[in-house]
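All heavy atoms count here, side chains included; hydrogens, waters and symmetry mates do not. Here, residue 1 is the first one in the sequence, and each next residue gets the next number.
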Amino acid sequence: MHWVGKSFRIRYLYCLLLEFTVPLPSFKATDLGATPSMSEIIAKHLREAIISGQLAEGEPVRQDEVAQAFNVSKIPVREALKRLEAEGLVDFHRNRGALVTRISEPELAQMFEVRVLLEVKAIRLAIPNMTDQHFARAEAICAEFVGEDDVGRWADLNWALHACLYEPARRPYLVGLIRSIHDKVERYLRMQMSLSAGKLRADHEHRDIVAACRARDVELAARLIEEHINGVCQSLYEHLPHN
């Protein structure tokens with residue numbers, strides 16, 4: 001009888017297990033894993049405010065005010081600011097909180113110097129692996145760039161073109177380093193491209209670089225990349241507000 005009772009319990013537990021493993025009915029559920037967190041949303045808005053110049057260099061980013069604006073606690077605000085600190089857009093100072101990063105002229109010059117080193121290397125590695133699809137995408141970005149009136153989109157398309165040209169290098173870490181520098185200097189790139197001839201000059205230089213890549217002329221493309229970056233740096237220096 002003891003054996004019969006034990007067998008019954010086993011069958012009962014097995015039935016319960018089957019009951020709980022019945023698949024859920026089919027329905028369209030929201031992918032919560034793809035939903036941006038509060039800190040990501042706040043970081044996005046603060047990043048745009050910094051890059052567009054709404055928050056100027058050296059200006060404090062007050063956690064209380066940001067939390068009140070988004071109707072959240074200060075916890076996601078702190079997380080957002082930590083993200084921006086990692087991107088080099090804000091610095092934390094004792095007794096002053098988070099301040100928008102101020103980049104000195106020597107620091108800016110070094111960033112552009114490193115850009116030249118990295119991007120020349122990237123284009124050299126990329127050209128042998130480029131396909132007609134890469135060229136078509138690059139030319140489409142150039143066409144969209146010249147027809148765009150939004151300064152913010154200019155910067156986005158500028159990076160999209162550079163990323164398109166460097167992607168065939170198959171060096172994601174290298175491209176990641178280039179992107180991190182681009183993010184730090186984007187507010188200055190917007191300033192440079194908003195100058196009277198900045199956008200037109202960038203468009204011509206971009207098209208020349210793409211043509212050199214299509215011709216598989218590695219040396220010419222490398223030289224044009226170097227001249228393009230150095231030209232942006234020189235133009236920027238000539239128009240910096242504190243010069």
M130/R214 under side chain to side chain contact (heavy atoms under 4.5 Å, CB included): CA gap, chis, key distance, verdict: CA-CA 8 Å; M130 287 183 179; R214 186 181 275 280; over 6 Å; no
Test salt bridge (Lys or Arg N to Asp or Glu O under 4.0 Å) applied to E139 and R207, step by step: CA-CA 7 Å; E139 288 162 358; R207 291 180 186 275; over 6 Å; no
Steps toward salt bridge (Lys or Arg N to Asp or Glu O under 4.0 Å) verdict (R190, E186): CA-CA 6 Å; R190 288 194 186 192; E186 184 177 346; 3.5 Å; yes
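Interatomic distance, L220 CG to D208 CG, rounded to the nearest 0.5 Å: 8.0 Å. Put simply, CG on L165 and CD1 on I123 are 4.5 Å apart, with the number rounded to the nearest 0.5 Å. Distance check, rounded to the nearest 0.5 Å: CD of Q110 to SG of C233 gives 11.0 Å. Here the CD1-NZ distance, from I178 to K121, works out to 11.5 Å after rounding to the nearest 0.5 Å.
Transitive grouping of hydrophobic side chains (ILVMFWY, heavy atoms separated by less than 4.5 Å) keeps L157 and I51 in distinct clusters. L117 and M111 end up in different hydrophobic clusters when Ile, Leu, Val, Met, Phe, Trp and Tyr side chains are linked at under 4.5 Å. Put simply, V146 and W159 are part of two different groups of oily side chains (I, L, V, M, F, W, Y) that touch within less than 4.5 Å, one to the next. V218 and I229 fall within the same hydrophobic cluster, defined by Ile, Leu, Val, Met, Phe, Trp and Tyr side-chain heavy atoms under 4.5 Å apart, directly or through other members. V114 and I103 end up in the same hydrophobic cluster when Ile, Leu, Val, Met, Phe, Trp and Tyr side chains are linked at under 4.5 Å.
Counting only residues at least two apart or in different chains, salt bridge (Lys or Arg N to Asp or Glu O under 4.0 Å) contacts with residues 166-178 comprise R137-E167.
Contact detail for S39 and A80: the closest heavy-atom pair is O-CB, 3.4 Å. When all heavy atoms are compared, the tightest approach of A67 to S73 is CB-O, 3.9 Å. Here the closest heavy-atom approach between residue L125 and residue A169 is recorded as CB-CB, 3.7 Å. In plain terms, the two heavy atoms of V210 and A138 that are nearest each other are CG2-CB, 4.0 Å. Between A221 and I127, the shortest heavy-atom contact is CB-CD1, 3.5 Å. Across all non-hydrogen atoms, the minimal contact from L224 to A212 is CD1-CB, 4.0 Å.
Between R187 and T101, some side-chain heavy-atom pair lies under the 4.5 Å cut-off. Put simply, the side chain of L161 does not reach to within 4.5 Å of the side chain of I209, judged on heavy atoms. Put simply, the side chain of R83 reaches to within 4.5 Å of the side chain of E40, judged on heavy atoms. Contact of the H206 side chain with the I141 side chain is not registered, since no non-hydrogen atoms from C-beta on lie closer than 4.5 Å. Between K74 and Q68 the shortest side-chain heavy-atom distance does not fall below 4.5 Å. Using a 4.5 Å heavy-atom cutoff, the side chains of I225 and Y166 are in contact.
Looking only at distances, no side-chain donor or acceptor of R115 sits under 3.5 Å from a matching main-chain atom of H182. Proximity of a side-chain donor or acceptor of S235 to a complementary backbone N or O of G231 within less than 3.5 Å is not detected.
Salt-bridge check for R223 with E227: passed, with a basic side-chain N closer than 4.0 Å to an acidic carboxylate O. Residues E205 and R201 are paired through a salt bridge, judged by an N-O separation under 4.0 Å between the basic side chain and the carboxylate. Between K82 and E79 no salt bridge is recorded (no basic side-chain N to carboxylate O distance below 4.0 Å). Contact check on E87 versus R47 returns a salt bridge, with a Lys/Arg side-chain nitrogen under 4.0 Å from an Asp/Glu carboxylate oxygen.
The aromatic rings of W154 and F145 lie tilted to each other, with the angle between the two planes from 30° to 60°.
Alongside L46, the hydrophobic cluster contains M38, I42, I50, L55, V61, V66, F70, V72, V77, L81, L84, L89, V90, F92, V100 (criterion: ILVMFWY side chains under 4.5 Å).
Each of E226, E119, E219 was scored for a salt bridge (Lys or Arg N to Asp or Glu O under 4.0 Å) with R124, with one residue passing: E219.
Counting heavy atoms of neighbouring residues, nucleotides and ligands inside a 6.0 Å radius, atom NZ of K184 exceeds 12 of them.
Using a 3.5 Å distance cut-off with no hydrogens or angles, the side chains of H134 and N129 do not pair a donor with an acceptor.
Taking the ring centroids of H228 and H204, they lie at or beyond the 6.0 Å cut-off.
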